[in-house]
Amino acid sequence: MTCTIFHSTEMPEGRGARHTGSIPRKPMRWLVEYVIKTPEGRVLIESTKIIQKADLDELYAIMDQTIDDLGNEAGNLATFVSWRATAHGGTRKNRNKGGKRK
């Protein structure tokens with residue numbers, strides 16, 4: 001199972017973040033990439049971050065705080081902000097492949 005969530009400031013109003021795959025039921029480890037652009041069109045920040053074991057609500061809270069902190073460092077001049085988070089499911093234990101031998 002892989003879940004990818006994409007959030008951008010250029011998305012139409014009323015539409016939340018887009019996601020592909022199934023949203024994990026348990027807290028997962030997320031790989032997050034984010035981009036912030038300035039009015040001149042320069043890419044101010046492009047980075048990757050790993051968030052340890054967070055569910056979907058915690059992920060949104062962490063990313064909102066991260067983007068706010070980066071915006072404050074940049075003087076709140078961002079014209080475009082986007083982030084993409086990806087979580088890969090773990091292995092399922094005790095899964096029978098082809099049945100048990102007796």
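T9 meets the side chain to side chain contact (heavy atoms under 4.5 Å, CB included) test with F80, V81; sequence neighbours excluded. Applying the side chain to side chain contact (heavy atoms under 4.5 Å, CB included) rule to T2 yields the partners T4, T86, H88; only residues at least two apart in sequence or on another chain are considered. For A87, the side chain to side chain contact (heavy atoms under 4.5 Å, CB included) partners two or more places apart in sequence, or in a different chain, are M28, W30. Residues satisfying the side chain to side chain contact (heavy atoms under 4.5 Å, CB included) criterion with T48, sequence neighbours excluded, are L31, E33.
Nearest approach of S22 to C3, heavy atoms of both residues: O-CB, 3.3 Å.
Going from atom CZ of R84 over to atom CE of M63 covers 12.0 Å, rounded to the nearest 0.5 Å. Rounded to the nearest 0.5 Å, atoms CD1 (I51) and CD1 (I62) are 4.5 Å apart.
The closest side-chain heavy-atom distance from V32 to L59 is below 4.5 Å.
By the rule that hydrophobic residues join a cluster once side-chain heavy atoms approach within less than 4.5 Å of another member, I5 and V35 end up as members of separate clusters.
Between H7 and Y60, the two ring planes are perpendicular [angle over 60°; tilted spans 30° to 60°].
Residue pairs meeting the side-chain hydrogen bond (donor to acceptor under 3.5 Å, both in side chains) criterion with at least one member in residues 49-59, sequence neighbours excluded: K49-T66.
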